[in-house]
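Structure, as structure tokens:
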Protein chains: 2
Amino acid sequence: MLRTHTCGELNISNLGQTVILCGWVQKSRDLGGTTFIDVRDRYGLTQLVFNTDTDATLREKSRELGREFVIKVTGKVLERSNKNTKIPTGEVEIAVADIEILNAAKIPPFMIEDDTDGGEELRAKYRYLDLRRAPIRNNLILRHKMAQEIRRYLSDLEFIEVETPVLIKSTPEGARDFVVPSRMNPGEFYALPQSPQTFKQLLMVSGFDRYFQIVKCFRDEDLRADRQPEFTQIDCELSFITQEDILNIFEGLTRHLFTTVKGIDLGDFPRMQYADAMRLYGSDKPDVRFGMEFVELNDIVKGKGFGIFDNAELVVGINAKGLASYTRKQIDELTEWLKRPQIGVTGMIYCRYNEDGTLKSSVDKFYSEDELTNWAAAFEAEKGDLMLILAGPTDKVRKQLNELRLEIGGRLGLRDKNKFAPLWVLDFPLLEWDEETERFHAMHHPFTSPKPEDIALLDTDPKNVRANAYDLVINGTEVGGGSIRIHDRATQSLMFKHLGFSAEEAQKQFGFLMDAFEYGAPPHGGLALGFDRLVSIFAGLDSIRDVIAFPKNNSGRDVMIDSPSTIADMQMNELKIKTTV
Amino acid sequence: MLRTHTCGELNISNLGQTVILCGWVQKSRDLGGTTFIDVRDRYGLTQLVFNTDTDATLREKSRELGREFVIKVTGKVLERSNKNTKIPTGEVEIAVADIEILNAAKIPPFMIEDDTDGGEELRAKYRYLDLRRAPIRNNLILRHKMAQEIRRYLSDLEFIEVETPVLIKSTPEGARDFVVPSRMNPGEFYALPQSPQTFKQLLMVSGFDRYFQIVKCFRDEDLRADRQPEFTQIDCELSFITQEDILNIFEGLTRHLFTTVKGIDLGDFPRMQYADAMRLYGSDKPDVRFGMEFVELNDIVKGKGFGIFDNAELVVGINAKGLASYTRKQIDELTEWLKRPQIGVTGMIYCRYNEDGTLKSSVDKFYSEDELTNWAAAFEAEKGDLMLILAGPTDKVRKQLNELRLEIGGRLGLRDKNKFAPLWVLDFPLLEWDEETERFHAMHHPFTSPKPEDIALLDTDPKNVRANAYDLVINGTEVGGGSIRIHDRATQSLMFKHLGFSAEEAQKQFGFLMDAFEYGAPPHGGLALGFDRLVSIFAGLDSIRDVIAFPKNNSGRDVMIDSPSTIADMQMNELKIKTTV
């Protein structure tokens, strides 16, 4: 090795030893004849010291050194007079006898410090320098540790990691597939997997019993919502199990990760029906770090002559605890925020529970103080609270109130990144109606099984068929989800029929899976967790971008390597394709 | 869970327990009123027994059961009278009280047995059934175990697993790149990585110090030589190290795998110069399970009037120990085998050392028995040996003799799959001349550093510049290779120049890396091992296909899912491409 120690390991027990360190110059300062240099590597920071008055050679060399130069130093470990108790190496320094420049460095385009002065674009272009900063490096070390723990936990439970193919088949539903032209099969394409779903199910048919994989998946779609075209899943599938088994195993995994990596015991995860989540939080991924549940008011507000409430399918509100002091201006601003096209609220009703016990609403014309007292009772409101109410079509108004609830939760400081509130959401609908294509889509995917007791509804009331499907939510973020799968040809065919596939289309695309179901397919189910998202939650980050070593930007570009890019005509000729731009 | 135990865990300690098992019907036989069924899962095989005379319901159900039906049985664990000591569950059987058919099965298209009657095509189409066979399942379990051990070993040595991108940039050298059209960037393409080479080097520039990844890589090329379009590498890179450190670490990893997975201590790995490997074995990946080293004969055979030898650049042979008894016919057949176009030998000379002490060659006209005695001495031949000699241009004749040596080694039983002979091959040439393009190519890749003492030769004698490059060979198979990398812009530019890049091309394609070298790049190097190949060696297989769950065939097709396939015009329109087939 070029070095005897890393920059993170020397301490008082090494006093007197002659050591060799390699690393980057973090900073250098000259105090009248004595030069101090902090040398950095992945493991830490060590202080070098040398006397430039007495050693002319060292003086020369030290003058060449700039920030981020790569050096190799030999010297003796001494006790520091001025100790730094914040770092493990802070009690010692190296009295440098020799210094060698392994590589020079130009001045970096931004500061390599925890808080950098570099903008997002610049840091993306020089991602290799941004990765030198401790916060980002620590995210990737965290990611590595979590991957290790996940693999260990699942392997101990007899899960086998099996690699499934990356070059697979495009599906007609695959509008978001990346495709790959095949040179050996001109005119034909592979697709990159959006998930290894069918392969893991085939592994169950093969009797693998318990499968997992930490695996890259791909989706070619708009990247607004903090998504990446390539992302990593913890993908699992099990045979001969019930939904209860799956919830227990992956609750166990998640709790294990929190315990070992963050030292937090999450306790048992609460569970909630999808229908309740929508009713109480207007979301299938409620943030349950705080309550502020929805209160439905139809029964007490209708029939008093206020048209907006009378004509609304649903009148529903939240109690913003302690915000009665909001001024009219603040409430107006909140209303304007709700009116943005992304949310689309037309108006908000409020009711203040003043500190003096009076109630004051924006619709006093229609409701007496007695009636407002009923409202307050429904909201369990107390003096000082502010009731915020929306009205409209049920699905729409719930979504809008969800946004408002999260906003108010944030303003009240109820969304602490260091608090973790997990939740299982159960019994999702099997199908959802797509306005655009005017047909049903599978809410999870076409392989999810309906609840046996709901199968009869498929023909009569498809929207109300529940699936054996579940999501894991942490702090209002969907961390993953899964389902018990269909494992017989008849049910799978029925499902494809309800999704608008002809029998021929279904056979052409998924014949291999339906055929497989005829050769002895076990009951099975599984789950996939978004690994990037999970790491970002552990790291306390809002975005997944900084838990990925080399992420792409919102246009799907890697600006560091300048990709995607045009390719040579010769290459296209060989692939028998051409561009039509 | 649906079951209380797996089919592999019940034994004499469970006697009397009532258990529930789930699995597949392996076989069923009726012995006059008593029915025996072997039920199988991933973990093993358990014998079920029930009396069809006394229980009419069980009789009905048992009659429905066919091979590969999925069943759930409840029963009591009994001691078997007729014990099977070959399997862990062989001392017990389950007296079945209830049986439930979880799924029926059609008759499989081939036998689900260790030795199947299914041909390769049929097994590929029904891969999910082929994967039920124990030998293939065991390969994948072996693969999982090896991956676990590799990750554990490297993590313990402070390596961090970092995921590098799959959607990268095509390079002009990338004739074998798979490309991926980008919907968001019409007319532009990503490429799938042939290796994460540049990214792992950037991680070193970022100070990650020790990186690894078990990662899918992609190459769009002819698949004759047991290759797959997607394959898995154990990819590693380290900073502040010497070649010696890298050899030691990965020799340690390989030995650890052999010890923990196969219980074999390989001892220290021998090392050989590339030049010696070519001289003694005619190959850069010699199979050193056996000796049979090449013997060069120029000095003793030339100038005796035998034109073929006199005009040859190299006369070289091997001693086929004990094969003097080969008949003329056998030798002719061997010669014919060598004359196939793949090898292209024009003729072979032989010399028998007969059991009676006489020497007999195919060129007795030109060489006296005294001279043949000199040959025998050179070959260290003894009575009963057969000397086989080829002549021609050095590189060509060495390659040919390598084929002959491997063939003879095989015939002599010297290539035992249960014997493992590792070898480091060192000091590869930096460049190799490509006849077709009439320019030099990098033998490893353009980032490999030349030996400092050879850099001066780059201008005068490029073919003889040696690289800091090494390969790990096991049993004549290249398991992996690596190098100390270039880590400064000047040397990297020089290298690109010698590879025929203009400065502009080099900057366009690899500017990000050369730029990175200017911001403080540490000395670094690394290695990549072919994981599929390594597992196949551990499994004693000639092909990598059966250590991969869902491999593709020689045309790059997955015949199970029928991929690649055509895609819809609408999809191509969105991607702004069209096919020109």
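A note on names: the letters A, B, ... follow the listed sequences, proteins ahead of strands, and every chain is numbered from 1.
For A:Arg210, the parts lying under 4.5 angstrom from a heavy atom of chain B are both the backbone and the side chain. In this structure, chain B has a heavy atom under 4.5 Å from the side chain of A:Leu192, while its backbone stays farther away. Only the backbone of A:Asn554 comes within contact range of chain B, judged by heavy atoms closer than 4.5 Å. Contact of A:Val162 with chain B is made through the side chain alone, with heavy-atom distances under 4.5 Å. Interface remark: A:Gln228 contributes no atoms to any contact with chain B (heavy atom separation under 4.5 Å). Both the backbone and the side chain of A:Asp515 have a heavy atom closer than 4.5 Å to some heavy atom of chain B. Using a 4.5 Å cut-off between heavy atoms, A:Arg143 touches chain B through its side chain atoms alone. For A:Phe531, the part sitting under 4.5 Å from any heavy atom of chain B is the side chain, from C-beta outward, and nothing else. Both the backbone and the side chain of A:Phe199 come within less than 4.5 Å of a heavy atom in chain B. For B:Glu244, no part lies under 4.5 angstrom from a heavy atom of chain A. Looking at A:Pro186, the atoms closer than 4.5 Å to chain B (heavy atoms on both sides) sit in the backbone and in the side chain alike. Neither the backbone nor the side chain of B:Lys125 comes within less than 4.5 Å of any heavy atom of chain A. Of the atoms belonging to B:Phe69, not a single heavy atom falls under 4.5 Å from chain A. Proximity to chain B (any heavy atom under 4.5 Å) is shown, for A:Lys508, by neither the backbone nor the side chain. If you measure heavy-atom distances from A:Leu238 to chain B, you find no contacts under 4.5 Å at all. Neither the backbone nor the side chain of A:Ala147 comes within contact range of chain B; no heavy atoms are under 4.5 Å apart. Heavy atoms closer than 4.5 Å to chain B are found in the side chain of A:Asp558, but not in its backbone. The part of B:Met204 that comes within reach of chain A is its backbone (N, CA, C, O), which places non-hydrogen atoms under 4.5 angstrom from that chain. Heavy atoms closer than 4.5 Å to chain A are found nowhere in B:Ile136, neither backbone nor side chain.
Side-chain atoms of B:Ser155 and A:Gln148 form a donor-acceptor pair, as typed in the model, at a separation below 3.5 Å.
Closest approach of B:His144 and A:Glu161 over heavy atoms only: ND1-N, 3.0 Å. Considering every non-hydrogen atom in both A:Ile141 and B:Ile160, the closest pair reads CG1-CD1, 3.4 Å. Of all heavy-atom pairs between A:Lys169 and B:Ser565, the closest is CG-OG, 3.7 Å. Nearest heavy atom pair, residue B:Asp177 against residue A:Gln571, reads CB-NE2, 4.0 Å. The shortest non-hydrogen separation linking A:Lys216 to B:Thr164 is NZ-O, 2.9 Å. Shown here for A:Thr566 and B:Glu188, the closest heavy-atom pair between the two residues is N-CG, 4.2 Å.
Panel note: side chain B:Thr242, backbone A:Met1; no donor-acceptor pair is recorded below 3.5 Å. The closest donor-acceptor contact from the side chain of B:Asn103 to the backbone of A:Gly520 lies at 3.5 Å or more, if one exists at all. B:Trp24 places no side-chain N or O within donor-acceptor distance of the main-chain N or O of A:Gly207, the cut-off being under 3.5 Å.
With respect to chain A, the highest number of heavy-atom pairs below 4.5 Å among B:Ile71, B:Ile246, B:Leu203, B:Thr6 belongs to B:Leu203. When each of B:Glu68, B:Arg151, B:Arg137, B:His487 is scored by its heavy-atom pairs under 4.5 Å with chain A, the top score falls to B:Arg151. Of the listed residues (B:Val180, B:Asp488, B:Asp130), the greatest number of heavy-atom pairs within a distance under 4.5 Å of chain A belongs to B:Val180.
To the nearest 0.5 Å, atom OG1 of residue B:Thr198 and atom CZ of residue A:Phe550 are 8.0 Å apart. Atom CZ of residue A:Phe240 and atom CG of residue B:Leu102 lie 6.5 Å apart, to the nearest 0.5 angstrom. Rounding to the nearest 0.5 Å gives a distance of 6.0 Å between CZ of A:Phe512 and CE of B:Met560. To the nearest 0.5 angstrom, A:Ser206 atom OG is 12.5 Å from B:Arg42 atom CZ. The NZ atom of A:Lys576 sits 6.0 Å away from atom OG1 of B:Thr580, with the distance rounded to the nearest 0.5 Å. Note that the OG1 atom of B:Thr232 and the CD atom of A:Glu163 stand 3.5 Å from one another [nearest 0.5 Å].
Using bins of under 30°, 30° to 60° and over 60° for the plane-to-plane angle, the ring pair B:Tyr190/A:Phe178 lands in the perpendicular bin.
When B:Pro229, B:Ser555, B:Pro564 are each tested for a side chain to side chain contact (heavy atoms under 4.5 Å, CB included) with A:Ser182, only one passes: B:Pro564.
A heavy-atom distance below 4.5 Å is found between the side chains of B:Arg132 and A:Val205. Within the 4.5 Å cutoff, no side-chain heavy atoms of A:Ile577 are placed close to those of B:Lys578.
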